[in-house]
Amino acid sequence: MTNAEIAAVFEEIADILEFQGENPFRVRAYRNAARTVGELAESLEEMVRQGKDLTQLPGIGKDLAQKIQTLVQTGHLEQLEKLRAQVPESVLELMRIPGLGPKKAAALYKQLGIATLDQLRQACQEHRVRKLKGFGAKTEEAILHGLEVAQVAAKRILWAEADQFASELKQHLAQLPQVQQVEVAGSYRRGKETVGDLDVLVVARGSKAVMDHFGRFPAVAEVLARGETKMSVRLTTGLQVDLRVVPTRSFGAALLYFTGSKQHNVVLRTRAKAKGLKINEYGVFRGDRYVAGRTEEEVYASLGLPWIPPELREARWEFDWADQGKLPQLIELQDIRGDLHMHTNRTDGKASLEEMVQAAKARGLKYIAITDHSKRVTMARGLNSEQLLQQWEEIDQLRRRIRGIHILKGVEVDILEGGGLDIDDQTLAQADWVVASVHYGQNQSRERITGRILDALAHPAVCAIAHPTGRLLGRREPYQVDMEAVVQAAAERNKFLELNANPMRLDLNEIHCALARQHGVLVVISTDAHSIDGLGVMRYGVIQARRGGLEPQHVLNTRPWGQFKKLLQRARGTPLNVT
DNA sequence: GCCGTTTTCGGCCCGACTGTTTTCAGTCG
C-alpha cells in the first residue's frame, strides 16, 4: 500500500467521522495524520518492514501507528469498513456543496433520507428542504445554486493562472484613490503549486467604496457575501475571491493571518498563548492591550521569532529553523545563471537553435544546454545519434559566432521501458550535458520505475534526472518512485536532480527539494522550454525551490560558469570540452 | 486521536458572515 493510499484512508475516515458529528479534534487528528503520511518521502511499507518507530512521525501516536501497520500488512482496516457501512459514500459528497457542512448534511440524510446529489436537487425543487428545522427558503436556493457551481468551484488552478488574476485584481483595486495598500495573501502568496481561491487584503479609508469597486472587477460573476470588513465573490471562471478591508495598524497581523497556512497559524497562536498573548487578524494583544500588528515582522518579533518567508509557512521545518537561527536565505530568480533543459524545432520545440540561444542570452543567462528528445519519443520526432551529432556540429558553429553565453551540447535521453538509455554510450560520451527522463511505462511498479531511474543515474554520461516524478498537475498523477533511494543514489554519484519549472510539472516538489538539500544533492532548476517564451517559466521553479527551503548554494545553475564546470566534471568523471 | 520546560488528563486558534433565529448555530477560512 502506498503512502498516498494510506493518506486517502485517513482522509476518508476523517470525512465520515466529521459527518457523524464526532469530536472535531479527533477528526483533525486523522486529517493531520493524512497530511503527514501524504508528504512523507520515505515509503511507509519500507518503514514498517524495517521495524521503524512510526510514532516518531508528527501527529502519529500509538493508535495511528498501529493502523498504518495493519494497512501495510493486510491492505484493510476494519474500522473503515464499519464506517463505510454506516455512511454511504455518496452522502459525503453532500458536504462538498458550499454552505453544507457536517451538521446540515447529516440533517438532510437522517430526516429526508437524502443520500445523493441528485436526490438533494430534487428535494430542493420540491421545497422539502426548507421545511427542516434550521433550513429555510434561502438555504434551499443556496443549495440549488451550490449544486450548479460546485463542480467548477472545487477545482484548484495552477499558481501561474492565479497569478494572472492576482495581478489584474491588484491593479484594479490600486486605481481607487482611497486604497493605501493591497496584497494578495493565501496559498497564492505562499507560492503553492495550485491555488483554490484568492485572498485580497486592502488598507483603505472606509470599506464601502472599496467593496463597490471590487464588485465592479470585470471578471466578477456574482457576490457571495458582503459584510462590514469582508466580501466574497465568484469570478466567471469559478474562482472564489475574498476581500478584507483592514485598518493600517492591523495590516501585518491580517496579512500573516490570511497568508496562512492554517497549520502555521495554529503554531503561532499556540506560541502566543504560552507567552500570555493573544493573536488574531487585528493584531497581537496582551489582555485588551494592542502590542503589535502593523507589519508581519512586528508580529513575529512579538513572539520572539524572525520574519518567516511565506513560502515556508507550512508548519513543516520553519519553526525549527527559526528557533535555531537557521532560517535559509532563500534562492531568488536573479540568482539563476543557467538553464539546462530546453528544446528546439528539431524536435517538438517551436524556435530554432539560434533563436533559443539568442533568447537565453537576452535573458542574461551565462550558460545553457540544448536538450532535444531522443528517438524513442516519436511524437516529438526525437533525434537519433546521427542527428544529435549533426546538431552538436551546429552548436560548434554557433559557439564561434555568438559570444557571452556558453552553449552545452546536450540531450534529453529517454529511459526506456525495459531499462537502459535510448542513445548509445559512444554518442552520449560526446555530449556535455545529459538529462535522462521517463516518458513511457509510467504505470510500472514502484520497484521497476525506481530501478530504471537508479540505472540511469549509474550511467557515467547522465548528469541529471529530468522531471523526476512525471506528474502533470490536475491531469496526471506522479508515477511511483522511491525518491529517497533516488536522492541517495544521486548523492553517492554527485549527480543532480531536476526541478522542472513548467507550472504544470514543478517536480521535484518541495518535499523532494528538502530531501535533496538534506542529502547534499544539488538541484537544477530548468525551464524545459519548448519556445522562446518558455524560458520565462524559470520563476515558477524558483518559487517551488523556495518552498523546499533551497538557498542559492543548493542549486546547481546558480553557480558561476567556472564552478559549474567543476561540478559537472565531478558528476561525469571526464573533463568538459567547452571553454 | 495527539500531546506535554505549565500537563499523562484536559486541552486542542479565532473571528466574520449568513440565515434562521429572537440570542445563536453552522459554515468557512
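Naming: A, B, ... by sequence-line order, numbering from 1 per chain. Hydrogens, waters and symmetry mates are skipped; everything else that's a heavy atom, side chains included, is used.
Atom NZ in Lys62(A) sits about 14 Å away from atom C1' in dC3(B), given to the nearest Å. The CG-P distance, from Leu80(A) to dG1(B), rounds to 13 Å in whole Å. When rounded to the nearest whole Å, the span between CZ of Arg31(A) and P of dC2(B) equals 16 Å. Taking atom CZ of Arg271(A) as the reference point, atom C1' of dT6(B) lies 16 Å away to the nearest angstrom. Distance, Gln263(A) CD to dC12(B) P: 18 Å, rounded to whole Å. The CG atom of Asp63(A) sits 13 Å away from the C1' atom of dC3(B) (whole-angstrom rounding). Atom pair Glu18(A):CD and dC28(B):P shows a separation of 9 Å (rounding to whole Å applied). Taking atom CG on Leu108(A) and atom C1' on dT27(B), their separation rounds to 14 Å, with Å as the unit.
Looking at Arg316(A) and Glu510(A), a side-chain N of the basic residue comes within less than 4.0 Å of a carboxylate O on the acidic one, giving a salt bridge.
With sequence neighbours left out, Arg205(A) forms a salt bridge (Lys or Arg N to Asp or Glu O under 4.0 Å) with no residue at all. Residues passing the side chain to side chain donor-acceptor pair (under 3.5 Å) test with Thr248(A): none are found, sequence neighbours excluded. Qualifying salt bridge (Lys or Arg N to Asp or Glu O under 4.0 Å) partners for Arg128(A), counting only residues two or more places apart in sequence or in other chains: Glu126(A). With sequence neighbours excluded, the residues that form a salt bridge (Lys or Arg N to Asp or Glu O under 4.0 Å) with Arg313(A) are Glu296(A).
dT6(B) has its base anti relative to the sugar, with a glycosidic angle deviating from 0 by more than 90°.
Using a 4.0 Å heavy-atom distance criterion, Pro102(A) is classed as a sugar-phosphate-only contact. Across all strands, Asn23(A) comes closer than 4.0 Å to base atoms (heavy-atom distances). Using a 4.0 Å heavy-atom criterion, one finds that Leu268(A) contacts no nucleic acid atom at all.
Nearest-nucleotide positions on DNA chain B for Ala29(A) and Ala274(A) put Ala29(A) closer to the 5' end. Closest-nucleotide positions on DNA chain B for Gln240(A) and Lys67(A) were compared, and the one nearer the 5' end corresponds to Lys67(A).
Remark: the separation of the P atoms in dT20(B) and dG15(B) is 26 Å, to the nearest Å. Atom P of dT22(B) sits at a distance of 22 Å from the matching atom of dC17(B), rounded to the whole Å. Taking atom P on both nucleotides, dC3(B) is separated from dC13(B) by 14 Å, rounded to a whole Å. Separating the C1' atom of dG1(B) from that of dA16(B) is a span of 29 Å, rounded to the nearest Å. Nucleotides dG26(B) and dT21(B) are separated by 12 Å at their P atoms, to the nearest Å. Comparing the same atom, C1', in dC9(B) and in dC14(B) gives a spacing of 24 Å after rounding to whole Å. Atom name C1', nucleotides dG11(B) and dT6(B): the rounded distance is 12 Å, in whole Å.
Nucleotide dT8(B) forms no Watson-Crick or G-U wobble pair with any nucleotide shown, as no partner meets the under 3.5 Å limit on both distances.
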Worksheet item: Which letter, B, S or -, goes with each nucleotide of nucleotides 13-20 of chain B from 5' to 3', with contact meaning a protein heavy atom under 4.0 Å?
Response: BBSSSSSS
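Both cation-pi conditions hold for Arg517(A) and Trp321(A): the charged atom is under 6.0 angstrom from the six-membered ring centre and inside a 45 degree cone around its axis. In this structure, Arg31(A) fails the cation-pi test against Phe10(A), since its NZ or CZ atom is not both closer than 6.0 Å to the six-membered ring centre and inside 45 degrees of the ring normal.
Not a single donor-acceptor contact under 3.5 angstrom links the side-chain atoms of Asp242(A) to the base of dG29(B).
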Hey, can you pull the donor-acceptor pairs under 3.5 Å for the side chains in residues 164-173 of chain A, sequence neighbours left out?
| from | atom 1 | to | atom 2 | distance (Å) |
| --- | --- | --- | --- | --- |
| Ser167(A) | OG | Asp163(A) | O | 2.7 |
| His172(A) | NE2 | His213(A) | O | 2.8 |
| His172(A) | NE2 | His213(A) | NE2 | 3.4 |

